[in-house]
Every structure is written in C-alpha cells, then in structure tokens.
Engineer: 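Dumping the structure here so I can ask a few things about it.
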There are 2 protein chains.
Amino acid sequence: MLKGHLDAIVLAALEAGPAHGYAVIETIRARSGQTFDLPEGTIYPALHRLEQAGLLSSSWTTPPSGRRRRVYSLTKAGAAALARRRKDWTRFAGAVDSFLGGRAWPA
Amino acid sequence: MLKGHLDAIVLAALEAGPAHGYAVIETIRARSGQTFDLPEGTIYPALHRLEQAGLLSSSWTTPPSGRRRRVYSLTKAGAAALARRRKDWTRFAGAVDSFLGGRAWPA
DNA sequence: CCACATACCTAGTAATGCTAGGTATGGATG
DNA sequence: CATCCATACCTAGCATTACTAGGTATGTGG
C-alpha cells in the first residue's frame with residue numbers, strides 16, 4: 001500500500017521521459033525491485049487523475065505496426081508538483097524514521 | 001498524510017512504555033519534530049482499532065487528584081506487529097527512495 | 001488456431017485518516 | 001468567584017484512494 005505516495009511515484013516514473021500506462025507499471029515494478037507490483041486498476045485511474053489535475057498530458061499514438069497506446073508526459077506543473085512531493089517525502093520519511101528508526105544517515 | 005503508517009507510529013510511540021491517548025498525541029508531535037500534529041479524531045479511533053485487534057490493552061486510571069485517563073500498553077502481539085511494521089517500512093521507504101531518491105545511506 | 005502478453009478502461013468496494021461536533025474536569029487569571 | 005484555556009475523552013459521517021473484478025481488443029508465439 002502506497003497510500004498517498006502513488007502520485008509522486010507515477011510522476012517520478014515519467015520524469016525520464018514520456019511513456020504509456022502499461023510501461024509505467026513495468027517501470028515501477030522494475031525500479032522498486034518488485035516491491036511495487038501495481039495492478040492496472042491502480043495505475044490507469046491514477047494517470048487519469050493526474051491528467052485531470054494538469055500534471056500530465058497525454059496523446060494517442062497509433063504506430064503502423066503496433067497497438068494503440070496512450071502516451072503520458074509530465075507537464076510543467078507536473079514537474080513542479082514532483083519537486084514538491086520530493087520535499088514532502090523527505091520530511092515525511094525522516095519523521096517516520098524517528099519512530100521506526102534504523103535508518104540514520106549523515107546530514 | 002500517514003495513510004497506512006499511522007498504526008506503526010502509534011505502536012512505536014507506546015514502545016517505551018504505557019501512555020494515555022492525549023500523551024500519545026504529544027509524543028508523536030514531539031518525536032516527529034512537529035511534522036505529525038495529529039487531531040484527536042485520528043488518534044482515538046486508531047487506539048480503539050489497535051485494541052480491538054489485540055495489539056494494545058487499556059485500563060482506566062483515576063488518580064486521587066487528576067482527571068480520568070485511559071492508559072494503553074503494547075501487548076505481546078502488539079510488539080510483534082511493530083517489529084513486522086518496521087521491516088515493512090524499511091522495505092517500503094527503500095523502494096520509494098528509488099524513485100524520490102536523494103536519500104542514499106551506507107549499507 | 002489458440003493461448004498469452006500487451007494495452008486500455010471502469011464501476012464498485014474497503015480502508016482509513018480527518019472534520020466537526022460533543023462532554024467534562026482541573027488549573028490559571030482576572 | 002467567574003471565566004477561559006488546556007487537558008482528556010468520545011463518535012458519526014466525510015473524502016480520498018488504492019484495489020478488486022470485471023470488460024474489450026490486438027499482436028505474437030506455439
């Protein structure tokens with residue numbers, strides 16, 4: 001359960017460049033070392049939500065050989081939101097660590 | 001938003017010894033460096049939930065001079081659950097860090 | 001040809017933290 | 001002594017959110 005952090009992760013997954021939904025799922029699975037194996041019912045609504053919020057923009061691609069795909073890319077607002085989320089995460093994780101500890105690192 | 005991690009934090013706050021609800025709120029606020037300033041409507045239901053689940057036990061104290069308080073303490077199952085949550089958190093935080101990064105620490 | 005991976009979607013569910021209200025007592029302040 | 005605030009407890013209902021469970025369709029490999 002990534003309650004509350006899914007959006008940040010999706011944005012981060014699109015930071016390297018545009019990608020379609022299914023690819024986002026695989027990127028997240030790979031980059032997290034199989035920890036986050038998210039079902040489609042989690043990702044697709046999240047992508048729609050983020051586009052609705054103006055943090056992503058999408059366009060359909062229909063290559064001559066291949067299936068139709070909806071490709072998402074970060075908007076300017078999306079990049080800004082990601083930066084904010086990064087700071088939030090650092091603060092949040094630091095605070096949780098003060099309870100669940102074992103994760104001290106140098107200033 | 002601590003969605004999904006609140007229980008672990010409450011359990012951790014009671015790790016040092018029994019405490020009543022209001023004290024738990026203050027402990028959490030202090031230990032988190034004011035990051036988690038939780039309303040009572042968050043903590044009390046959480047304490048009830050955890051007691052219901054057998055992870056906490058409670059008893060009323062009515063000192064001669066003072067207000068009635070409900071004191072909670074970790075049960076054995078609660079301590080075990082906390083240990084599990086600790087491992088989960090480490091794994092989870094590590095995975096999120098692989099996206100939101102900037103937090104590398106020595107093995 | 002048939003199974004499977006790819007690729008998209010949505011309605012409904014369950015969990016959960018929070019808002020907003022309520023009650024009551026003790027200590028401090030004027 | 002009256003008033004206010006901090007302490008201390010509680011709950012009903014709300015909003016968000018990730019997930020379950022279904023559905024559709026196409027390309028590829030056996």
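Here is how names work: the chains are called A, B, and so on, in the same order as the sequence lines, proteins then strands, and each is numbered from 1.
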Engineer: Could you check which of D:dA8, C:dT10, C:dG17 has an atom nearest any side-chain atom of A:Pro45?
Structural biologist: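 The answer is C:dT10.
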Engineer: Could you give the CD1-to-P distance, from A:Ile43 to D:dA21, as a whole number of Å?
Structural biologist: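 Value for this atom pair: 18 Å.
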Engineer: Could you tell me whether the phosphate oxygens of D:dA18, OP1 or OP2, come under 4.0 Å of any side-chain nitrogen or oxygen in A:Arg49?
Structural biologist: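 For A:Arg49, the contact criterion (side-chain N or O under 4.0 Å from OP1 or OP2 of D:dA18) is met.
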Engineer: Whole-Å distance between C:dT6 P and A:Ile25 CD1?
Structural biologist: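 So the two atoms are 11 Å apart, to the nearest Å.
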Engineer: Using whole Å, report how far OH of B:Tyr72 lies from P of D:dA8.
Structural biologist: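 One finds 14 Å between P of D:dA8 and OH of B:Tyr72, rounded.
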Engineer: Measure from the ring center of B:His5 to the ring center of A:Phe99 and say whether it is less than 6.0 Å.
Structural biologist: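 So the answer is no for these two rings.
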Engineer: Taking only the side-chain heavy atoms of B:Tyr44 (C-beta and beyond), determine which of D:dA8, C:dT6, C:dG17 contains the nearest atom.
Structural biologist: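 It is D:dA8.
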Engineer: Judged by each residue's nearest nucleotide on DNA chain C, which is more toward the 5′ side, B:His5 or A:His48?
Structural biologist: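 Nearer the 5' end of the strand: A:His48.
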Engineer: Would a 4.5 Å heavy-atom cut-off, applied to side chains only, mark B:Thr27 and B:Leu14 as touching?
Structural biologist: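 Sidechains of B:Leu14 and B:Thr27: no contact.
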Engineer: For the OG1 atom of B:Thr90 and the CG atom of A:Leu100, what is their distance to the nearest 0.5 Å?
Structural biologist: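 The distance works out to 7.5 Å.
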Engineer: To the nearest Å, how far apart are B:Tyr22 OH and C:dG27 C1'?
Structural biologist: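 The answer, rounded to whole Å, is 14 Å.
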Engineer: If you pin A:Arg69 and B:Thr42 to their nearest nucleotides in DNA chain C, which one's is more 5'?
Structural biologist: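 This one resolves to A:Arg69.
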Engineer: Using the closest heavy atom to pick a nucleotide of DNA chain D for each, name whichever of A:Asp7 or A:Glu40 lands nearer the 5' end.
Structural biologist: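 In this pair, the answer is A:Asp7.
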Engineer: Check the pair B:Ile28, B:Val10 against side-chain contact (heavy atoms from CB on, under 4.5 Å), reporting the backbone distance first and the verdict last.
Structural biologist: CA-CA 8 Å; B:Ile28 291 177; B:Val10 170; 4.3 Å; yes
Engineer: Taking CD from B:Gln52 and P from C:dA15, how many angstroms apart are they, rounded to a whole number?
Structural biologist: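 From B:Gln52 CD to C:dA15 P: 14 Å.
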Engineer: Which listed nucleotide (D:dA18, C:dG17, C:dA7) is nearest to the side chain of A:Lys3?
Structural biologist: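 Comparing D:dA18, C:dG17, C:dA7 against the side chain of A:Lys3, the answer is D:dA18.
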Engineer: Expressed in angstrom and rounded to an integer, what is the separation of B:Glu26 atom CD from D:dC9 atom P?
Structural biologist: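 Nearest whole value for this atom pair: 10 Å.
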Engineer: For the pair made of CG in A:Leu47 and C1' in D:dC19, what is the distance, rounded to whole Å?
Structural biologist: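 It works out to 15 Å between those atoms.
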Engineer: Can you identify which nucleotide, out of D:dT20, C:dC18, D:dC9, has its nearest atom closest to the A:Pro39 side chain?
Structural biologist: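 Taking heavy atoms from C-beta onward, the closest nucleotide is D:dT20.
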Engineer: First locate atom OG of A:Ser73, then atom NE2 of A:His20, and finally report the distance between them rounded to the nearest 0.5 Å.
Structural biologist: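 Here the interatomic distance stands at 14.0 Å.
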Engineer: Mind checking if B:Gly41 touches a base, just sugar-phosphate, or nothing, with heavy atoms under 4.0 Å?
Structural biologist: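 Base contact.
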Engineer: To the side chain of B:Arg67, which of C:dT25, C:dC8, D:dC9 is closest?
Structural biologist: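 The nucleotide sitting nearest to the side chain is C:dT25.
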Engineer: Which nucleotide, C:dC18, C:dC8, D:dC19, lies nearest any side-chain atom of A:Leu38?
Structural biologist: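 Closest nucleotide among those given: D:dC19.
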Engineer: Rounded to whole angstroms, how far apart are CG on B:Asp37 and P on D:dA6?
Structural biologist: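 One finds 13 Å between P of D:dA6 and CG of B:Asp37, rounded.
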